[in-house]
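Beneath this line is the structure, given in structure tokens, with notes to follow.
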Amino acid sequence: MEDFSAKFVSQKISKTRWRPVPAAALQPPELFATGSWDNEENKISVWSVGDFGSLGPNGEYQEEPQLLCDIRHHGDVMDMQFFDQERIVAASSTGSVTVFRHHQNNQTLSINQRWERAHYHVDPDTPFYGGASCTGVICNNPEIVTVGEDGRINLFRADHREAVRTIENADSSTLHAVTFLRTTEILTVNSIGQLKIWDFRQQRNEPSQIFSLTGDRIPLHCVDRHPNQQHIVATGGQDGMLSIWDVRQGSMPVSLLNAHEAEMWEVHFHPSNPDHLFTCSEDGSLWHWDTSTDVSEKPSFFHQGGRSTTLLSHTANQSVISAWLSNNPTKDRMEITNLVPNQTLSVNSLDVLGPCLVCGTDAEAIYVNRHLFA
């Protein structure tokens with residue numbers, strides 16, 4: 001934890017996201033947003049990790065994130081994504097989806113747009129619509145895709161008042177997360193261990209492909225796509241396992257890796273260095289998975305509580321395309337470091353960008369590491 005600066009925020013943090021850095025910019029990210037849950041009043045907050053700080057007792061420079069602004073959010077923040085440099089999309093447990101705008105000139109947040117009843121349950125006996133949690137949101141400007149516990153998929157466009165497309169009964173179980181595979185294709189994960197690919201070019205409301213973990217129907221909570229190789233996908237779920245999939249072939253994962261002791265809440269490939277992957281869990285751990293070099297070639301500097309190496313178990317024979325799909329036994333080792341070895345409460349969310357990582361916890365704290373690869 002020595003590389004982390006901690007900020008205690010008096011609210012349980014459900015989501016943390018870096019504001020994207022302009023493509024031409026070389027500087028590390030400076031702003032991130034958080035969303036809270038399970039508090040009397042939940043908030044979307046924007047923080048700066050600029051050069052604030054104070055000198056510690058030994059003259060060392062201590063940085064901590066500074067709150068720039070916040071705004072009330074109705075319901076728990078179930079998911080959150082930056083839409084662009086100024087706008088943040090938040091998914092609510094009430095079923096609504098809200099776009100907030102960050103005004104940097106006076107450091108305020110305002111509601112830019114809201115789809116009130118994006119996800120809902122219909123009571124068959126009354127004309128009453130009960131809100132269903134919007135569990136996942138993903139943005140690819142100008143489009144926003146949301147999924148929910150009602151099994152519905154919505155395709156929104158910024159500045160359009162109504163959904164561009166809705167797949168009503170996309171799933172009979174809860175959809176937990178969604179990611180773009182390509183501009184016209186999304187991938188969802190659900191509460192019975194399935195991945196489904198949906199192609200918005202097709203008019204029929206059925207998935208173009210279905211993948212399944214095992215016969216055990218273990219709920220999947222999170223998914224991320226490899227930034228360079230769109231056929232490689234990572235998922236995590238209730239059993240804490242990390243699964244790597246190649247969606248071009250087979251219907252089962254390429255690799256199953258023993259990971260956390262409890263539910264895995266998020267998985268993220270590093271966007272510009274995808275040999276590095278990060279996962280966080282209900283068990284209070286945050287893991288950094290490094291496949292960039294053969295572990296045997298380099299010294300091991302593990303944090304206390306970190307695991308050293310793990311061996312991939314394979315369910316399919318693969319050619320070597322990526323470190324994540326490698327089937328060469330000497331390369332099937334990776335370095336794993338637990339970045340928060342002494343955490344006790346759930347690490348609910350993480351995000352990585354450039355040399356920086358941010359995570360949010362049920363311990364009412366956010367942690368920032370600005371020197372991931374130091």
Side-chain angles (χ1 to χ4, degrees), residues 14 76 78-79 91 93 95 119-122 130 132-138 145-154 167-179 181 185-199 204-225 231-268 277 279-283 285 287 289 310 312-316 318 324-325 346-349:
S14 56
D76 294 337
M78 302 297 291
D79 199 4
S93 57
H119 295 273
Y120 57 88
H121 295 299
V122 180
S133 241
C134 178
T135 50
V137 60
I138 193 77
V145 175
T146 69
V147 297
E149 68 177 15
D150 54 357
R152 190 177 271 106
I153 298 172
N154 291 308
I167 303 177
E168 288 285 352
N169 300 305
D171 214 299
S172 56
S173 56
T174 296
L175 290 168
H176 280 146
V178 58
T179 191
L181 285 183
E185 276 186 329
I186 59 164
L187 186 145
T188 59
V189 296
N190 68 13
S191 59
I192 56 171
Q194 293 175 324
L195 286 70
K196 297 182 181 180
I197 295 177
W198 307 82
D199 188 339
R204 57 195 186 93
N205 293 337
E206 282 158 15
S208 53
Q209 279 178 278
I210 299 177
F211 305 85
S212 192
L213 256 182
T214 56
D216 297 340
R217 300 196 162 211
I218 294 160
L220 290 170
H221 294 314
C222 54
V223 60
D224 196 28
R225 187 204 78 199
H231 53 277
I232 301 176
V233 171
T235 63
Q238 188 172 329
D239 58 359
M241 296 277 284
L242 173 64
S243 303
I244 306 293
W245 309 71
D246 183 344
V247 298
R248 298 170 307 179
Q249 52 191 350
S251 60
M252 295 181 67
V254 176
S255 312
L256 288 170
L257 292 85
N258 282 315
H260 301 279
E261 304 293 324
E263 289 96 334
M264 185 191 297
W265 293 130
E266 285 197 355
V267 55
H268 290 288
L277 180 137
T279 57
C280 63
S281 169
E282 177 74 26
D283 66 11
S285 61
W287 282 18
W289 306 71
T310 186
L312 303 189
S313 66
H314 287 279
T315 56
Q318 294 293 327
W324 295 107
L325 301 184
S346 178
V347 180
N348 297 322
S349 182

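Just so it is clear, the structure is predicted and the values come from calculations on it, not from any experiment.
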Practice problem: Supply the atom-to-atom distance Glu263 CD to Ser281 OG, rounded to the nearest 0.5 angstrom. | Solution: 7.0 Å
Exercise. Evaluate side-chain contact (heavy atoms from CB on, under 4.5 Å) for Leu325 paired with His231, printing each intermediate quantity in order.
Key: CA-CA 11 Å; Leu325 301 184; His231 53 277; 4.3 Å; yes
Practice problem: Quick one: closest heavy-atom pair of Ile210 and Ser251, and the distance? | Solution: O-CB, 4.1 Å
Exercise. State which residues pass side chain to side chain donor-acceptor pair (under 3.5 Å) with Ser346; sequence neighbours excluded, sorted by chain then number.
Key: Trp265, Glu282, Asn348
Quiz prompt | Closest approach of Ser133 to Ser93 (non-hydrogen atoms, all atoms of both residues) | solution = OG-CA, 3.1 Å
Quiz prompt | Name of the residue among Val254, Asp246, Leu277 meeting side chain to side chain contact (heavy atoms under 4.5 Å, CB included) with Trp324 | solution = Leu277
Practice problem: Report the residues that fulfil side chain to side chain donor-acceptor pair (under 3.5 Å) with His221, sequence neighbours left out, ordered by chain and then residue number. | Solution: none
Practice problem: Check each of Glu168, His121, His119 against Arg152 using the side-chain hydrogen bond (donor to acceptor under 3.5 Å, both in side chains) test, and report the only one that passes. | Solution: Glu168
Quiz item: How far apart are the closest heavy atoms of Gly193 and Asn190, and which atoms are they?
Solution: N-OD1, 3.2 Å
Quiz item: For the residue pair Thr188 and Trp198, what are the closest heavy atoms and their distance?
Solution: OG1-NE1, 3.1 Å
Exercise. Check whether any side-chain heavy atom of Val233 lies under 4.5 Å from a side-chain heavy atom of Leu187, and answer yes or no.
Key: yes
Practice problem: Apply side-chain contact (heavy atoms from CB on, under 4.5 Å) to Ser14 and list each qualifying residue two or more places apart in sequence or on a separate chain. | Solution: Trp37, Val77
Quiz item: Atom CD1 in Ile138, atom CD1 in Ile186: separation rounded to 0.5 Å?
Solution: 10.0 Å
Quiz item: Counting distance only, does the side-chain N/O of Thr179 pair as donor-acceptor with the main-chain N or O of Asp224 below 3.5 Å?
Solution: no
Quiz prompt | Non-neighbouring partners of Asn205 that pass side chain to side chain donor-acceptor pair (under 3.5 Å), sequence neighbours left out | solution = Arg165
Exercise. Look up atom CG in Asp150 and atom CG in Asp171, then write down how far apart they are to the nearest 0.5 Å.
Key: 10.5 Å
Quiz item: Side-chain contact, heavy-atom cut-off 4.5 Å: Met241 with Asn258?
Solution: yes
Quiz item: Atom CG in Asp76, atom OG1 in Thr135: separation rounded to 0.5 Å?
Solution: 13.0 Å
Quiz item: How far does NE2 of His260 sit from CG of Leu242, to the nearest 0.5 angstrom?
Solution: 8.0 Å
Quiz item: Can you name the residues that form a salt bridge (charged side-chain N to carboxylate O under 4.0 Å, His left out) with Glu149, not counting sequence neighbours?
Solution: none
Exercise. Quick one: pull up SG in Cys134 and CG in Asp79 and give me the separation to the nearest 0.5 Å.
Key: 7.5 Å
Quiz item: Which residues satisfy the side chain to side chain donor-acceptor pair (under 3.5 Å) test with Thr235, sequence neighbours excluded?
Solution: Trp245
Quiz prompt | Side-chain H-bond candidate by donor/acceptor type, Trp289 with Thr279, under 3.5 Å | solution = yes
Exercise. Give a yes or no on whether the backbone of Glu261 and the side-chain of Asp283 come within a donor-acceptor separation of less than 3.5 Å.
Key: yes
Exercise. State, with a plain yes or no, whether a side-chain heavy atom of His176 is found less than 4.5 Å away from one of Ser191.
Key: yes
Quiz item: Where do Gly240 and Met264 come nearest, in terms of heavy atoms and distance?
Solution: O-CE, 3.6 Å
